[in-house]
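A short write-up of the structure that comes next.
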Amino acid sequence: MQIIHVAAECYPAAKVGGLGDVVGALGKYLNLAGHRGCVILPKYQTQYINRNSWKKIFTSTAALGIGDFEYSIYANENQVLGYELFLVDIKGLLDREKVYGYEDDNTRFIAFQTAALDWLVKSEQKPDIINVHDHHAALIPFMMQNVEAFSSLKNIPVVLTIHNGQYQGAMEWNNNVVLPQWDAWKWGLLDWNNYINPLASGIRCAAKVTTVSDGYLHELRYQSNGLEKLFEMEWAKCSGILNGIDTLVWNPETDAALTQKYGARENMHQKSKNKKTLCEQFNLNFDKPLFVFIGRLVGEKAADLLPQSILNSFHKIGRKMNFLVLGSGETEVENDLNYLKLFSENDYNTYIGYNEDLSHLMYAGADFILMPSRVEPCGLNQLYAMRYGTVPVVNNTGGLHDTIIDISEKNGYGIKMNQASENELIFGIFRALELYADPAKFEAIKIQLMQLDFSWDKSINNYIRLYESLTLKN
Ligand code: ADP
């Protein structure tokens, strides 16, 4: 089968969060499984895209409601990625440094989707399946069915994968003039609560809808930022497929970002050399357990709980541990985390920003990773942490609920909080310290964690089965 993924992120070309990791891995692991997995991504001005060479394979013009625009398609010249990556270049719209965060994001992503479909029509590339990801690509199934220019793609089944249902791309109706000319009778397929809502439209028009864990799918039915009714109506075509991790990238035995590589069977004790590097670099105490947080500093991740919880855990439990936070996001949280440095006694530090190599070193060097998330569609951090023998302390929600078994249960290997609150987080830290104080148990759990299999080798088959169910019907 040929499966084309259309998304706003794809690692390593453009990554902001988990979406990028997953789309890149899907392309790669579909090829490893004997299929042709390709990805279509905007040609941003990211470091990776600028540093690598791309071959222009197609140029044309496509029509938006506001006029024609020129676009080009570029392809990767070498096979390093393990899948074909096609970049859509639209001068003045997509060729920017950041992936998101511009005032004209609506126009940018509508143009991106239009160019992608226009190319598929004109180049006569006819994939067996198109898998679109999140709201930035979710207008594609609507456009394939209701834009005359794309009618030759009408019969290709489309899967919509929701990585984050909180962001829906909703826009005022006056934006409809940007869309390529569409069948106006079908306005109801675009509308949700008097807005054009791309995610809602995708849920209605796609042949199948997947979310990145089963637990998250069930949460969306009751809490999905206004789409609850829609999930109820379209429930029969929805399913949860747990993300995997790319074990070719995330492997402590080969990871070039580590000070010291290590494995579960051999030289596990060397893991601590990575902790040593972190402690030296960030002025922390090597003899105390190290808790880390890595991620977007936003409400979904409950990052706002961190400053006060860290301070109060020092007060309530004592200065028995270190904390290191890596992330960027809401200014207030960033400021509070920076301010907290004033109270450090060589046991707290923070790095505000995005740093891929540092994140790898932290997954390896930490003893515990904190994920107090309010919402976690799948969560990759806990999966990476476990692969590196780092114990997860997580809120019991979404994908965290699905992937972590509490140490109080049979064969448990993580620590679960009952809600995203300061008290629960401090209690989670307290329980982690109890575990740390029992070296034999702590070591055994670390080895158990490293041997768990959350790889794409396993998860990719669920996607393939879904694609097959759609192509067999045609
Ligand atoms: P989300 O996509 O909701 O942000 P995920 O857990 O699915 O959360 O994925 C987060 C990904 O982004 C992980 O690969 C994590 O390591 C990475 N990441 C998040 N913030 C940073 C950061 N500041 N520096 C480096 N990597 C980061």
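All ligand and atom numbering here is 1-based and tracks the order in the structure.
Between Phe430 and Phe427, the ring-plane angle classifies as parallel under the 30° and 60° cut-offs. Taking the six-membered ring where tryptophan is involved, the planes of Tyr363 and Tyr388 are tilted, since the angle between them lies from 30° to 60°.
Between the CZ atom of Phe282 and the OG1 atom of Thr350 there is a distance of 8.5 Å, given to the nearest 0.5 Å.
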Are there any protein N or O atoms under 3.5 Å from the N or O atoms of ligand 1? List them with distances, or say none.
{"unit_1": "ligand 1", "atom_1": "2 (O)", "unit_2": "Gly18", "atom_2": "N", "d": "2.6"}
{"unit_1": "ligand 1", "atom_1": "3 (O)", "unit_2": "Arg296", "atom_2": "NH2", "d": "2.9"}
{"unit_1": "ligand 1", "atom_1": "3 (O)", "unit_2": "Lys301", "atom_2": "NZ", "d": "2.8"}
{"unit_1": "ligand 1", "atom_1": "4 (O)", "unit_2": "Arg296", "atom_2": "NE", "d": "2.8"}
{"unit_1": "ligand 1", "atom_1": "6 (O)", "unit_2": "Leu380", "atom_2": "N", "d": "2.9"}
{"unit_1": "ligand 1", "atom_1": "6 (O)", "unit_2": "Asn381", "atom_2": "OD1", "d": "3.2"}
{"unit_1": "ligand 1", "atom_1": "8 (O)", "unit_2": "Lys301", "atom_2": "NZ", "d": "3.1"}
{"unit_1": "ligand 1", "atom_1": "9 (O)", "unit_2": "Gly18", "atom_2": "N", "d": "3.1"}
{"unit_1": "ligand 1", "atom_1": "14 (O)", "unit_2": "Lys15", "atom_2": "NZ", "d": "2.8"}
{"unit_1": "ligand 1", "atom_1": "14 (O)", "unit_2": "Asp21", "atom_2": "OD2", "d": "2.8"}
{"unit_1": "ligand 1", "atom_1": "16 (O)", "unit_2": "Tyr363", "atom_2": "OH", "d": "2.7"}
{"unit_1": "ligand 1", "atom_1": "23 (N)", "unit_2": "Gly353", "atom_2": "O", "d": "2.8"}
{"unit_1": "ligand 1", "atom_1": "24 (N)", "unit_2": "Asn355", "atom_2": "N", "d": "3.0"}

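For Glu97, the salt bridge (Lys or Arg N to Asp or Glu O under 4.0 Å) criterion is met by no residue, not counting sequence neighbours.
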Q. Should Asp406 and Ser408 be marked as a side chain to side chain donor-acceptor pair (under 3.5 Å) after you check the CA-CA gap, both sets of side-chain angles, and the distance that decides it?
A. CA-CA 5 Å; Asp406 191 88; Ser408 60; 2.7 Å; yes

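Ser239 and Thr210 share no donor-acceptor pair across their side chains, judged by distance under 3.5 Å alone.
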